[in-house]
Amino acid sequence: MPRRYWLMKSEPHVYSIDDLERDGRAEWEGVRNYQARNFMRDDMKVGDGVLFYHSNAKPPGVAGVARVCREAYADHTAFDPDSDYHDPKSRRDEPRWLMVDVEFVEKFSSLVALDTLRATPGIEDMMVLRRGIRLSVQPVTRKQFDRVVALGRRG
DNA sequence: GCCAACGTTGGC
DNA sequence: GCCAACGTTGGC
């Protein structure tokens, strides 16, 4: 089974590639969308490659690479009434939301901006380029992954 | 800060 | 199980 590739969004003012570099690894907390959760639950494996995308940023774009280092388990922030991600419908005996852990791999020498992604031939099918798709966890192909990494290192 | 496009919720 | 209302996402 070949490893898979993903794009995961984070708002850099909440958690950035620099934070991940400092921490080494992180819990990917706060995913509250069923489709995104299902990707994590059903398809994400240790070793999968992750494009770390900065959303709600100026400019938005892929900032670096991470790797899945723990497969899906209960997102405990859902149980915490003080958390922004609290969801009373998720119970410890029946967790509704899951997270994975990711580890830092590299920060790009230059951010691959959304505009650059749009202008790059061969990756037109990336979900992040499709209008109206807001999924915070998206599959990408190996070709898309490799091309974005090449752009990021080129900087 | 705006707002279009979505996803979820809840009344019926 | 429909669908209007509401909340969220995320680029701009």
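Chain naming here is simple, since letters A, B, ... match the order of the sequence lines and numbering starts at 1 in each. Because the structure is predicted, anything quoted here is derived from the model rather than measured.
Residues A:Trp28 and A:Phe52 place their aromatic rings such that the two centres sit under 6.0 Å apart.
Checked by atom type, the side-chain pair A:Arg41/A:Tyr34 shows no donor-acceptor distance below 3.5 Å.
Between the side chain of A:Glu71 and the backbone N or O of A:Val46 there is at least one donor-acceptor pair closer than 3.5 Å. A:Asn33 places a side-chain N or O within donor-acceptor distance of the main-chain N or O of A:Ala36, the cut-off being under 3.5 Å.
Toward the 5' end of DNA chain B, the nearer of the two residues A:Asp87 and A:Arg131, judged by each one's closest nucleotide, is A:Arg131. Summary of the strand contacts: A:Arg96 and A:Gly132 both lie near DNA chain B, and taking for each the nucleotide with the nearest heavy atom, the more 5' one is attributed to A:Gly132.
The two residues A:Trp97 and A:Ser90 come nearest to each other via the heavy atoms N-OG, 3.7 Å.
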- Scan nucleotides 7-12 of chain C nucleotide by nucleotide, 5' to 3', and note B when protein non-hydrogen atoms come under 4.0 Å of the base, S if they reach only the sugar-phosphate, - if neither. -BBBBS
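Side-chain contact between A:Glu29 and A:Asp84: absent, with no pair of heavy atoms (C-beta onward) separated by less than 4.5 Å. For the pair A:Val100/A:Arg70, no side-chain contact is recorded, criterion being any heavy-atom separation below 4.5 Å from C-beta on. Counting heavy atoms from C-beta on, the side chains of A:Asp125 and A:Gln144 come closer than 4.5 Å.
Consecutive Watson-Crick or G-U pairing (both distances under 3.5 Å) extending over three or more pairs maps onto DNA chain B as B:1-12 with C:1-12.
The distance between atom CG of A:Asn33 and atom C1' of B:dA5, rounded to the nearest whole Å, is 14 Å.
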